[in-house]
Protein chains: 2
Amino acid sequence: MTTTSAPRPRRKPPRRYHHGDLPRALLHEAVRTIQRQGVEGLTLRSVAQALGVSRTAMYRHFVDKSALLAAVAREGFRTLRLELLAARAQLREDPAAMGVAYVRFAVANPSYYRVMFGGLVERCAKDAELEAEASGAFEVLVEALVAQQQAGRLRQDEPRQLARFIWAIVHGIARLAIDGQLQGPDEDAERLTRYALGRVRTGIAAPAPQSVA
Amino acid sequence: MTTTSAPRPRRKPPRRYHHGDLPRALLHEAVRTIQRQGVEGLTLRSVAQALGVSRTAMYRHFVDKSALLAAVAREGFRTLRLELLAARAQLREDPAAMGVAYVRFAVANPSYYRVMFGGLVERCAKDAELEAEASGAFEVLVEALVAQQQAGRLRQDEPRQLARFIWAIVHGIARLAIDGQLQGPDEDAERLTRYALGRVRTGIAAPAPQSVA
DNA sequence: ACCTGAACACCGTTCAAGT
DNA sequence: ACCTGAACACCGTTCAAGT
């Protein structure tokens, strides 16, 4: 009886797990454990163990632990940029779409967000790819604001200053939200975002200035 | 010759360094090393060594490393609250005084700020004193806003929502500033703060709405 | 009451060596 | 080229013991 000694490959031969794509597997597993244990719960040893690989196998692909984290941040900025782009298309129906998308990303991916803004971008400023990915996301906002200016819907202030302003708002809301400094859990973050962007548009000064006697 | 064998005490006898006030000494030394090495550079062993004390002496006064950090955060919130109160007195000459004071505090004490908002407040939510100190600082802002509302200078929106909005803005600016995500170093943060609060007051919508043809 | 010393269970990282 | 195993220099924390 000539039984097939090797197990039938489903699609493409999925054997050789380790040799397959360790860098991607490491990245994926890192995100997974950060998602569950937080950034400071991430341990190279546990990642390696989860992948069934030696503790030092990682060093062939990432020079450092921080290099691995930089890769996580890079992927985070890339995803954020894409979601901002998608939200930009809905800007006509919902003027707050981009801001809401930003905060939603942070709330949905606190682990990504913490790594992205956990003080890595500046400490490892050498990582040019990370730098580029980060400013790429920022540019989406800048361009959207310029378009609004050209449509005559926005003040003609310096676009990048305007963009930093808006970014600071959503960034602040996002951080307060994922750090649990807003009372309610998730829904409040979106309400606050919509409130904030609405107020930013028309101001918070009292509408009817009390005339003097 | 009867020379004084013991050194003359300057004010009160400052001998017995270790026994004196270890808790305060630990706190002070922790802030000092965080200031220089960053939060993740803080090591209990180095703190103890700098104080000439055993590595485990700390555990008599703080249950944890995180308890020591919580004490740092508590002191930070207390200082911030006091500086906000001081700024509130200048609100008439400078409407942005409180916001500027907030961002200045963060930029001047990034180590404090990082510990305060480094995800400690929520993880160790058990620390009631920290919780109280944190919301104390928030209340200063709320009360200032309510006063502005009563003076008829501010929209009659829900004060706490208004406060969360303003907080998010200065928090966002502060974080971007101390994380090096603003191009210039320190001066830009204040400029951005003034710009932001000015725009928040009157809105960013185009001032002269182009009428339709 | 306050502090010490040895010990434990962890880390990230290096490096010679295997295939 | 890719991975392993032992080793190194670190951590926070526990605990019996000293004064």
Side-chain angles (χ1 to χ4, degrees), chain A residues 13-34 36-73 111 114-115 118-120 123-124 126-127, chain B residues 13-34 36-73 111 114-115 118-120 123-124 126-127:
Chain A
R15 61 229 162 87
R16 302 179 317 119
Y17 178 43
H18 310 161
H19 308 156
D21 195 351
L22 228 199
R24 200 172 303 274
L26 284 164
L27 186 57
H28 181 260
E29 186 61 31
V31 170
R32 234 172 68 91
T33 67
I34 293 176
R36 289 179 318 198
Q37 327 239 17
V39 192
E40 60 284 344
L42 177 73
T43 193
L44 294 189
R45 286 159 124 97
S46 77
V47 168
Q49 191 177 6
L51 258 43
V53 110
S54 154
R55 296 202 282 271
T56 57
M58 187 204 85
Y59 289 90
R60 209 43 56 171
H61 310 282
F62 298 95
V63 12
D64 246 345
K65 182 182 185 180
S66 81
L68 179 59
L69 284 174
V72 172
S111 50
R114 285 225 181 79
V115 177
L120 241 158
R123 251 193 298 280
C124 323
K126 38 198 168 189
D127 194 328
Chain B
R15 60 229 162 87
R16 302 181 314 118
Y17 178 44
H18 310 163
H19 307 155
D21 196 350
L22 226 198
R24 200 171 305 274
L26 284 164
L27 186 56
H28 180 259
E29 186 62 31
V31 170
R32 234 172 66 91
T33 67
I34 292 174
R36 287 179 319 197
Q37 327 239 17
V39 193
E40 61 283 347
L42 177 73
T43 192
L44 295 190
R45 286 159 125 99
S46 77
V47 168
Q49 190 177 4
L51 257 41
V53 112
S54 153
R55 295 202 283 268
T56 58
M58 185 205 87
Y59 289 90
R60 210 41 59 169
H61 310 284
F62 298 95
V63 11
D64 246 345
K65 181 183 188 181
S66 81
L68 179 59
L69 284 174
V72 173
S111 50
R114 285 227 181 78
V115 176
L120 240 158
R123 251 194 297 281
C124 325
K126 37 199 168 189
D127 193 329

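Note on naming: letters A, B, ... go to the chains in the order of the sequence lines (proteins, then strands), and numbering restarts at 1 for each one. The figures that follow rest on heavy atoms only: side chains count, while hydrogens, waters and symmetry mates do not. Computed from a predicted model, the values in this text were never measured in an experiment.
Taking atom CD on B:Q49 and atom C1' on C:dG5, their separation rounds to 15 Å, with Å as the unit. Residue B:L44 contributes atom CG, which lies 17 Å from atom P of C:dG5 at whole-angstrom precision. We find that CG of B:L26 is positioned 13 Å from P of C:dC2, with the value rounded to whole Å. At whole-Å resolution of the value, CG in B:L69 and C1' in D:dG12 are 12 Å apart. Here C:dA1 presents its C1' atom at 19 Å from OH of B:Y59, a figure rounded to the nearest Å. In this structure, the CZ atom of A:F62 is 16 Å from the C1' atom of D:dC3, given to the nearest Å. The distance between atom CG of A:D21 and atom P of D:dC2, rounded to the nearest whole Å, is 11 Å. Distance CE (B:M58) to P (D:dC11): 14 Å, rounded to an integer number of Å.
Between C:dA6, D:dC3, C:dT13, one nucleotide has an atom nearer to the side chain of A:D64 than all others, and that is C:dT13. Here the nucleotide nearest the side chain of A:T56, chosen from D:dA6, C:dC3, D:dC15, is D:dA6. In the set C:dG5, C:dC3, C:dT14, C:dC3 carries the atom at the smallest distance from any side-chain atom of B:H61. For A:R60, the side-chain atoms get nearest to D:dC3 when compared with the rest of C:dG12, D:dT13, D:dC3. Among the nucleotides D:dG12, C:dA6, D:dT4, the one closest to the side chain of A:S54 is D:dT4. Residue B:V53 has its side chain nearest to C:dT4 when only C:dT4, D:dT13, C:dT14 are considered.
Each of A:R45 and B:R45 was matched to the nucleotide of DNA chain C holding its nearest heavy atom; the match closer to the 5' end belongs to B:R45. Residue whose closest nucleotide on DNA chain D sits further toward the 5' end, between B:V63 and A:R55: A:R55.
Within 4.0 Å (heavy atoms only), B:T43 reaches sugar-phosphate atoms of the nucleic acid but no base atom. When heavy atoms are screened at a 4.0 angstrom cut-off, A:L68 is found touching no nucleic acid atom at all.
Between the CG atom in A:L68 and the CE atom in A:M58 there is a gap of 6.0 Å [rounded to 0.5 Å]. Separation of atoms OG (B:S54) and CZ (B:R45) is listed at 10.0 Å; rounding is to 0.5 Å.
Base-pair partner of D:dA16: C:dT4 (Watson-Crick or G-U wobble, both distances under 3.5 Å).
Remark: the backbone N or O of A:T43 is not paired with any side-chain donor or acceptor of A:K65 at under 3.5 angstrom.
Under a cut-off of 6.0 angstrom, the local environment of NE2 in A:H28 is sparse, with at most 12 non-hydrogen atoms contributed by other residues, nucleotides or ligands.
When every heavy atom of B:H61 is checked against every heavy atom of B:P23, the shortest pair comes out as ND1-CG, 3.4 Å.
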